[in-house]
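Reminder, nothing fancy here: chain letters follow the sequence lines and each chain counts from 1.
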There are 2 protein chains.
Amino acid sequence: MLTERQRMILNAIVDDYIRSAEPVGSRSISKRGDVGYSAATIRNEMADLEELGFLEQPHTSAGRVPSIKGYRYYVDHLVKLGDVNEHELKLLRSYIAEKMRGMEQVTQHAAMILSNLTNYTSIFLGPETFNTTLKHFQLVPLNEDTAVAIIVTSTGHVENTTVSIPSDMSMSDMERIVNILNAKLAGVPLVQLRSKLFSEVGEELSRYAAHCERMIDVLTGVLKEGEGNRVFLSGTTNILTQPEFKDVDKVKTLLDLLEETPTIMKLFADLPAGIQVRIGTENEHEAINNCSLITATFSIDGQSLGTIGILGPTRMEYGKVISLLDVLSKDLAVLMARWYK
Amino acid sequence: MLTERQRMILNAIVDDYIRSAEPVGSRSISKRGDVGYSAATIRNEMADLEELGFLEQPHTSAGRVPSIKGYRYYVDHLVKLGDVNEHELKLLRSYIAEKMRGMEQVTQHAAMILSNLTNYTSIFLGPETFNTTLKHFQLVPLNEDTAVAIIVTSTGHVENTTVSIPSDMSMSDMERIVNILNAKLAGVPLVQLRSKLFSEVGEELSRYAAHCERMIDVLTGVLKEGEGNRVFLSGTTNILTQPEFKDVDKVKTLLDLLEETPTIMKLFADLPAGIQVRIGTENEHEAINNCSLITATFSIDGQSLGTIGILGPTRMEYGKVISLLDVLSKDLAVLMARWYK
DNA sequence: GATTAGCACTCACCAACCAAGAGTGCTAAC
DNA sequence: GTTAGCACTCTTGGTTGGTGAGTGCTAATC
């Protein structure tokens, strides 16, 4: 619905604004070389674009600034994916060099590199527990009445809590129960643990029923607690270098948001595989209404294994970030496929 | 070396400044009621105090502000420990209600409450690994060539990494080695693991020597990696509400510092048991030269089990924070004594 | 001799004001 | 359809002058 020239001008304006962070005027566009029109012509087009809702004016006689709708159009139709240069590529892939750490460490490291490379904040969200299965469960006694409960999931994730040992449970009882639970419950999806317990293990452990249920409580407790550990942030303060965050109050609300893991998890909920761009108010949460969130969710056999997101101002280098995330998520997908073949 | 009146005036100035965050003038002190002198007298004393280095003037004809030396004198001789009120005490002790979680969770929760109560940033540093002993070591295989290595320490702390299994090591080999290592190394201080390995386990595992050394590498690797996990922050953004941090640049350097776990660990190194106050430039690190750090290190039998610190502006409510930390650290000491009796 | 009232002086802070510059919208010419 | 020209708007930065808080000093007072 936009003319070729309008698209060209919109593109120029967004590019300029992303670079300069200042409202861009008709003259500066006209002088860019790649747009062969005079300032006056551009002015007319800009007025039209504003009427159509793609641009905004902070005040009369300031330049124009892209609106959310403008950014959206830019991202959907205009943005040129920057190509990832040698240096960046090398850096980005350096995490693979640390051969064979856990999947988590790898992704977290990747997220860190990404935040350095982009100067925005990167967020990594680990796989949802209900997609993973139980690998191993164990109790390590610390002294007579306390023990550490440890759970290992199929993705190599480890969770633990300290629990108190009921006084009426002997060491050998405990060992036996843990053994049986392991034999029966290994490979069971985490969310089905409880129901499986009753259907499968029921009769065999009936004499330990009470204890056993206790154990499952512990198990699910550990899992629930671990929920929060899925979020990993990197470069939190990078965003402070952006001029749109020179106001401490804005900074505070943003940082407060980032500290609230549940909120972040909600933000990342239900993302389809692949790259997703959420611009400004397209984000649910008010605190990031002047931010954009670009996410890459990678999955294997339809099972999501995590999401890496980049949070920056709406005036974000979309082209660069998208292409970086694209490369990275494809790399990770390959890596994971090999890992969990 | 200060006269009674000078002490009184210094005390009044520091108190006022802590409340208002603004240079305090002679008149406002004179009108406080508890100091029965006229503004002129106070002015003279203030001039003297300035000459002695206890006060500073931002510029001529502004009020006075305490210097580092002034704060130091205040903390050492003048400060009245605020008494902890019922409500605070209840809140502060609520972590105990979560009966018998791990020591770590308890302290971390306490640190969180503390940051809420004070509106400063609280930092918790877990016990040094070389004071703790190995409780349990385990490998959980994930697939043919990777496994999760898990370590449990005597304090109930759990560390883990994913490692690759050498192709020439069979499952049963692995199990055997792990078993022997556990039997021999449980109870050994973490730092002595390697030397103990050779002296004690040497002959018994000579046929597995190579593998065994590999295992120890894994073990120490896990530990080194875990070093960073000892730091726990809470209320990071609280400090942003303080007027001295209305400048985003300062905020950034401070937050950057807080993200660097090694630096924080250095900051907390070699603290004696009990409460310690470091004011402004008394702190090594430049980024917190206008902050004060109050720490409480609690130990049992001379073995440090962690430190809780409060980081705030130099203009901090010393009395309140010190008494809160005092109560808390004593509580924790009791709790831990029961725990690790 | 210590204390205090009085006074001149110093700055930071604020508001008003002004000029410059950037950008716009509109009109008329190309 | 495009562009040059022009009047108009509005931010920005600098200057100026007034105000108030606070000081240092001196002289009077207790």
Practice problem: Decide yes or no for B:Tyr74 and B:Ile279: does some side-chain heavy atom of the first lie under 4.5 Å from some side-chain heavy atom of the second? | Solution: no
Do the side-chain N or O atoms of [X] get closer than 4.0 angstrom to the phosphate oxygens (OP1, OP2) of [N]?
X: A:Thr41; N: D:dT3; value: yes
X: A:Thr60; N: D:dC10; value: yes
X: A:Arg64; N: C:dG25; value: yes

In whole angstrom, what separates [X]'s [atom1] from [N]'s [atom2]?
X: B:Asn44; N: D:dC25; atom1: CG; atom2: P; value: 9 Å
X: B:Met46; N: C:dT3; atom1: CE; atom2: C1'; value: 17 Å
X: A:Glu45; N: C:dG25; atom1: CD; atom2: P; value: 13 Å
X: A:Gln57; N: D:dT11; atom1: CD; atom2: P; value: 11 Å
X: A:Leu55; N: C:dT24; atom1: CG; atom2: C1'; value: 14 Å
X: A:Leu49; N: C:dG25; atom1: CG; atom2: P; value: 12 Å
X: A:Asp48; N: C:dG25; atom1: CG; atom2: C1'; value: 12 Å
X: A:Ile9; N: D:dG1; atom1: CD1; atom2: C1'; value: 13 Å

Quiz item: In terms of heavy-atom contacts, does NE2 of B:His87 have more than 12 from other residues, nucleotides or ligands at under 6.0 Å?
Solution: no
Quiz prompt | Of B:Ile42, B:Asn44, B:Asp48, the residue whose pairing with B:Met46 passes side-chain contact (heavy atoms from CB on, under 4.5 Å) | solution = B:Ile42
Quiz item: Only one of B:Arg5, B:Met1, B:Arg7 forms a side-chain contact (heavy atoms from CB on, under 4.5 Å) with B:Thr3, so which one is it?
Solution: B:Arg5
Quiz item: Is it true that B:Asp16 and B:Arg19 make a salt bridge, defined as a side-chain N closer than 4.0 Å to a carboxylate O?
Solution: yes
Self-check item: Close approaches to DNA chain C from residues 14-39 of chain B, in residue order (heavy atom, under 4.0 Å)
Solution: B:Tyr37, B:Ser38
Check the interface with nucleotides 6-9 of chain C: list each N/O to N/O pair with the protein under 3.5 Å, or write none.
| unit_1 | atom_1 | unit_2 | atom_2 | d |
| --- | --- | --- | --- | --- |
| C:dG6 | O6 | B:Arg43 | NH2 | 3.2 |

Practice problem: Give a yes or no on whether a donor-acceptor pair under 3.5 Å exists between the nucleobase atoms of D:dT23, that is its base, and the side chain of B:Ser61. | Solution: no
Quiz prompt | DNA chain C: 5'-proximal contact among B:Arg5 and B:Pro58 (nearest heavy atom) | solution = B:Arg5
Self-check item: Results of side chain to side chain donor-acceptor pair (under 3.5 Å) for A:Ser122 - residues two or more places apart only
Solution: none
Self-check item: Check: B:Ser115 main-chain N/O paired with B:Asn119 side-chain donor or acceptor under 3.5 Å
Solution: no
Quiz item: Which of parallel (below 30°), tilted (30 to 60°) and perpendicular (above 60°) describes A:Tyr71 and A:Tyr17?
Solution: tilted
Quiz prompt | Trace of the side-chain contact (heavy atoms from CB on, under 4.5 Å) decision for A:Leu271 with A:Arg278 | solution = CA-CA 11 Å; A:Leu271 285 171; A:Arg278 292 230 196 98; 3.6 Å; yes
